[in-house]
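Working notes for the structure below.
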Amino acid sequence: MMSILDFKKMRSNNCKISMVTCYDYWSAQIIAKSEVDCILVGDSLSMVIHGHATTIPATVEIMALHVRAVTKGSGDKFVIGDLPFCSYRKGLYAAMQAVEQIMQSGAQAIKLEGVVGNEYLIEHIVNSGIPVMGHIGLTPQSVHQLGGFRVQGKNEKAANILIEQALTLEKLGCFALVIECIPCALAKTITEQLSIPTIGIGAGPHVSGQVLVLHDLLGLQDKPKTKFGKNYLNGHALITKALNDFNTEVKNARFPSNEYSYCY
Ligand code: KIV
């Protein structure tokens with residue numbers, strides 16, 4: 001089983017880290033047998049699985065349910081669970097209850113978005129023996145404050161703020177950082193200034209690893225692609241064909257054949 005020590009080791013050895021999102025038992029079983037390093041049960045499940053326009057509707061209970069399903073199938077993979085919208089902004093006690101639920105559902109670490117106002121909490125979680133992954137750049141839980149899902153850190157002032165945030169998160173004890181949707185050059189600068197690994201999404205190649213939403217990777221979504229959401233499979237077309245093949249065989253009474261029937 002990968003541990004947070006391996007994240008640091010991989011970074012030191014210039015070995016890129018691969019992470020995918022996962023929301024359920026059956027895909028966790030497939031990922032468990034793959035060579036991908038680790039799994040994020042991301043609150044993107046609010047959009048990908050539950051069909052919402054943002055990650056805001058995800059709750060601690062929903063996240064815990066999915067973490068439980070994933071960790072039943074994830075085998076030796078290191079699993080990080082997202083703390084959802086507002087769950088860590090209502091005081092230390094409520095935040096620790098959210099952390100407790102995600103960890104007791106089987107995660108090995110939690111991820112939370114942003115820095116300002118979270119400093120004491122991050123330190124407290126780390127000092128409670130729980131690994132924390134930070135997340136800066138495009139932080140989807142703040143989509144309305146950011147004015148949409150857009151590239152962050154495009155001017156010097158914004159870039160400097162992100163560099164400062166990354167350094168702060170390392171100092172607070174985060175074992176790794178997700179950096180989302182920022183220019184490649186800025187991601188490179190941040191990565192060079194840190195000793196913990198950076199895991200990019202829409203942040204270019206000069207980072208310590210990459211995370212991709214599984215449903216983008218498999219091409220399962222029938223919607224316009226993001227710039228960075230590479231499809232390694234046209235899953236949507238393959239699944240549609242399988243469904244239509246089934247339908248045709250049912251309509252033509254070719255399914256079930258004897259092979260799929262109890263013919264005594
Ligand atoms: O929720 C999520 O899937 C994420 C990744 C996109 C980093 O936070």
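Index from 1, following the sequence. Counting starts at 1 for both ligands and their atoms, in listed order.
- No donor-acceptor distance shorter than 3.5 angstrom exists from the side chain of Ser128 to the backbone of Ile130, with no hydrogens or angles considered.
- Judged by distance alone, the side chains of Ser195 and Glu170 do bring a donor and an acceptor atom under 3.5 Å apart.
- Few gaps surround CG on Asn155; more than 12 heavy atoms of other groups in view lie less than 6.0 Å from it.
- Taking every heavy atom of Ile201 and a limit of under 4.0 angstrom, the matching atoms of ligand 1 come to 6 (C).
- Checking Leu45, Ile49, Asn231 one by one against His215, the side-chain contact (heavy atoms from CB on, under 4.5 Å) holds for a single residue, Ile49.
- In the vicinity of His135, heavy-atom distances shorter than 4.0 Å reach the ligand 1 atoms 8 (O).
- Within 6.0 Å of atom CD in Glu156, 12 or fewer heavy atoms from other residues, nucleotides or ligands are found, so the atom counts as exposed in its surroundings.
- Every atom of ligand 1 with a heavy atom of Leu40 under 4.0 Å away is listed here by number and element: 2 (C), 3 (O), 4 (C), 5 (C), 7 (C), 8 (O).
- Here the protein heavy atom with the shortest distance to atom 3 (O) of ligand 1 is Ser44 OG, 2.5 Å.
- Residue contact check for ligand 1: Glu113 places no non-hydrogen atom closer than 4.0 Å to it.
- Between Phe175 and Phe7, the ring planes lie perpendicular to each other; the angle is over 60°, past the 30° to 60° tilted range.
- Judged by distance alone, the side chain of Thr21 and the main-chain N or O of Gly42 form no donor-acceptor pair under 3.5 Å.
- Residue Val178 has at least one heavy-atom neighbour below 4.0 Å for each of these atoms of ligand 1: 7 (C).
- For Lys111, the closest heavy-atom approach to ligand 1 falls below 4.0 Å.
- When each atom of ligand 1 is checked for a heavy atom of Thr21 under 4.0 Å away, the hits are 3 (O).
- Annotation for ligand 1: atoms under 4.0 Å from non-hydrogen atoms of Asp43 are 1 (O).
- Within the listing of ligand 1, atoms 1 (O), 2 (C), 3 (O) sit less than 4.0 angstrom from a heavy atom of Gly42.
- Ring to ring, His66 and His50 are close: their centroids are under 6.0 angstrom apart.
- Of the polar atoms of Asp82, at least one N or O is found under 3.5 Å from an N or O of ligand 1, judged by distance alone.
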